[in-house]
Amino acid sequence: MTPEDLLALLVTHQESLAADLDEEDRAEVAAALRETREAVTAGRSASPALRRLRRALSALPPKHPVSAALGSRRYAADGTGGRALPSADAIGAVLNLLEARDATAAPDSGPRTGAEPAPEPAELLAAARERLLAAPALTEREHAELLSSPEDRPELIRLVDPRPGGSGARCPRFQFRPGTLQPLPVVLRINGLLRADLDPWGAADWWLGGNGWLHGVPADLLGTLPDEELEGAALELVEAD
């Protein structure tokens with residue numbers, strides 16, 4: 001299934017897609033679609049945006065047709081060896097469906113007074129980063145003991161707080177065996193799949209966000225699910241790149 005097929009599937013199942021995603025997840029899907037449209041229009045690689053889209057769609061229930069298609073390992077290259085990308089107009093059609101859903105959502109939410117524009121991508125990104133920075137992390141002393149320089153241990157997720165007066169780099173604690181500074185091998189392997197050295201925020205979002213395929217938050221499932229299941233779920237996200 002190519003990215004073009006995925007967009008067609010989103011249009012086909014628009015009603016259940018909108019119904020099965022909460023407002024935050026719909027906003028994340030919409031932001032990923034806008035990013036994809038911008039890349040397509042500018043002639044840039046759409047791979048990062050498509051990874052973000054598949055990550056957002058993982059919030060769907062496992063039995064949803066989109067989840068079933070993405071989980072079937074049929075998200076494959078087209079016959080030319082590249083990726084059949086959807087047109088900007090096709091992406092816009094899906095965006096319109098999602099935004100129309102939000103514009104008419106929840107009759108019990110009260111009357112809408114005036115225009116309420118959808119959150120800007122920058123606002124969504126800032127909120128996501130705040131959520132990830134709030135996750136348990138190593139203390140400053142532990143971080144200094146583990147990492148002697150910014151170049152050390154690139155396979156570990158480190159999040160640099162971009163806010164004024166931010167606390168510097170934070171190393172999420174889920175990556176280590178409880179009570180130690182010993183990284184979990186499965187975490188290092190999955191971080192490699194997720195390209196945590198290039199996109200630490202995206203990798204952290206996968207670990208710390210809800211995942212419909214795994215029925216939970218991947219970081220919370222460490223030691224509960226077999227390592228192979230966690231790695232398989234991460235592979236589903238990146239195998240199309």
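Since this is a predicted model, take the numbers as computed values, not measurements. The chain is numbered in sequence order, starting from 1.
- Put simply, the side chain of Leu156 reaches to within 4.5 Å of the side chain of Leu188, judged on heavy atoms.
- Across all non-hydrogen atoms, the minimal contact from Ala204 to Leu132 is O-CD2, 3.8 Å.
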message: Leu181 vs Leu138, test: side chain to side chain contact (heavy atoms under 4.5 Å, CB included). Steps then yes/no.
response: CA-CA 9 Å; Leu181 294 180; Leu138 300 185; 3.9 Å; yes

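- With rounding to the nearest 0.5 angstrom, the CG atom of Leu33 is 11.5 Å from the CD atom of Glu38.
- Val160 is not connected to Leu133 by any chain of hydrophobic side-chain contacts under 4.5 Å among Ile, Leu, Val, Met, Phe, Trp and Tyr, and they are in different clusters.
- To the nearest 0.5 angstrom, Thr180 atom OG1 is 9.5 Å from Glu142 atom CD.
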query: Where do Asp205 and Arg131 land on the side chain to side chain contact (heavy atoms under 4.5 Å, CB included) test, with the steps shown first?
result: CA-CA 9 Å; Asp205 187 53; Arg131 172 175 59 83; 2.6 Å; yes

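- The minimum heavy-atom distance between Pro218 and Trp206, with the atom names listed, is CG-O, 3.3 Å.
- In this structure, Thr139 and Arg173 have side chains that are in contact, with non-hydrogen atoms separated by less than 4.5 Å.
- The nearest pair of heavy atoms linking Pro185 to Arg177 is CD-NH2, 3.7 Å.
- Smallest separation of non-hydrogen atoms from Trp207 and Val217: O-CG1, 3.2 Å.
- Arg170 contributes a side-chain N or O that, together with a main-chain N or O of Ala135, makes up a donor-acceptor pair within less than 3.5 Å.
- Of all the heavy atoms in Gln175 and Cys171, the pair that sits closest is NE2-SG, 3.6 Å.
- Of the listed residues (Leu184, Leu230, Leu222), just one forms a side-chain contact (heavy atoms from CB on, under 4.5 Å) with Ile190, and that residue is Leu230.
- The shortest non-hydrogen separation linking Leu159 to Pro200 is CD2-O, 3.7 Å.
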task: Give the C-alpha distance, both sets of side-chain angles, the deciding distance and a yes or no for side chain to side chain contact (heavy atoms under 4.5 Å, CB included) between Asp220 and Phe174.
output: CA-CA 8 Å; Asp220 294 343; Phe174 73 82; over 6 Å; no

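- Here Arg189 does not pair with Glu155 in a salt bridge; the nearest charged N to carboxylate O distance is not below 4.0 Å.
- A distance-only check finds no donor-acceptor pair linking the side chain of Arg158 to the backbone of Ala169 [under 3.5 Å].
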